[in-house]
Amino acid sequence: MNYQQLEELLFELTDLEKELQVSELSDEMLKKKMLSLSLSNEWFLDSAITWSDSKEASKSCSQAAYTYSLENDVLKLNVTDNIFVIGKHTRFAKMLNHTHNLFEMNYIYSGTFYQEIQGGKFKLT
């Protein structure tokens, strides 16, 4: 992959991103979508690459590498048997407060992103 192909991959809007640009989801609608396994695949894994215990990279998944559940009215991110995932996050989707027991790394390719972690606000560029 060259830089032009990378730029196209990162900046081309998916159908979901185009939809989110013109309509805002309520927190309840967003929570319902996040709790749906099939939409977890659509929203988070369209361009994901996963590494499983076999240490072989796979361009696509037959199931979500992670899902959300609701515990004590708090969203919790749950990892399935895939141990490492690289994926482009869906733009224009508000992220609800949630917990997880995994290590998450964000890389900002271009622009600025504000992340809230345990009440602290961080500017990522």
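Only this structure's heavy atoms are used, side chains among them; waters, hydrogens and symmetry mates stay out.
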What is the distance from atom CG of N106 to atom CD1 of I117, rounded to the nearest 0.5 Å? 7.5 Å
Could you tell me the separation between the OH atom of Y107 and the CZ atom of F113, rounded to the nearest 0.5 Å? 15.0 Å
Say you draw a straight line from CD of E19 to OG1 of T14; how long is it, rounded to the nearest 0.5 Å? 9.5 Å
Using a 3.5 Å distance criterion without hydrogens, assess whether the side chain of E12 forms a donor-acceptor pair with backbone atoms of L9. no
Inspect the surroundings of CG in N97 and state if more than 12 heavy atoms from other residues, nucleotides or ligands are less than 6.0 Å away. no
When you group the ILVMFWY residues by side-chain heavy-atom contacts below 4.5 Å and let the links chain together, are L124 and M95 in the same group? no
Using the ring-ring contact (aromatic ring centres under 6.0 Å, His included) criterion, which residues pair with H98? Sequence neighbours excluded. Y68, H100
Atom CZ of F11 and atom CZ of R91: how far apart are they, to the nearest 0.5 Å? 7.5 Å
Are any of the side-chain heavy atoms of T99 and L75 separated by less than 4.5 Å? no
Atom CD of residue position Q4 - does it have more than 12 heavy atoms of other residues, nucleotides or ligands inside 6.0 Å? no
When every non-hydrogen atom of K76 is compared with those of N78, the smallest separation belongs to O-ND2, 3.3 Å
Measure the OG-CG distance between S69 and L77 for me, rounded to the nearest 0.5 Å. 8.5 Å
In this structure, would L6 and I108 fall into the same cluster of hydrophobic residues linked by side-chain contacts under 4.5 Å? no
Results of side-chain hydrogen bond (donor to acceptor under 3.5 Å, both in side chains) for N72 - residues two or more places apart only: none
Atom OH of Y109 with >12 non-hydrogen neighbours under 6.0 angstrom: yes
Value for CG (L35) from CG (L70), rounded to nearest 0.5 Å, stands at 5.5 Å
Please walk me through it: do D73 and K31 pass side-chain contact (heavy atoms from CB on, under 4.5 Å)? CA-CA 11 Å; D73 206 33; K31 185 186 290 187; 3.8 Å; yes
Taking only residues two or more places apart in sequence or in another chain, which ones pass side-chain contact (heavy atoms from CB on, under 4.5 Å) with K123? T112, Y114, T125
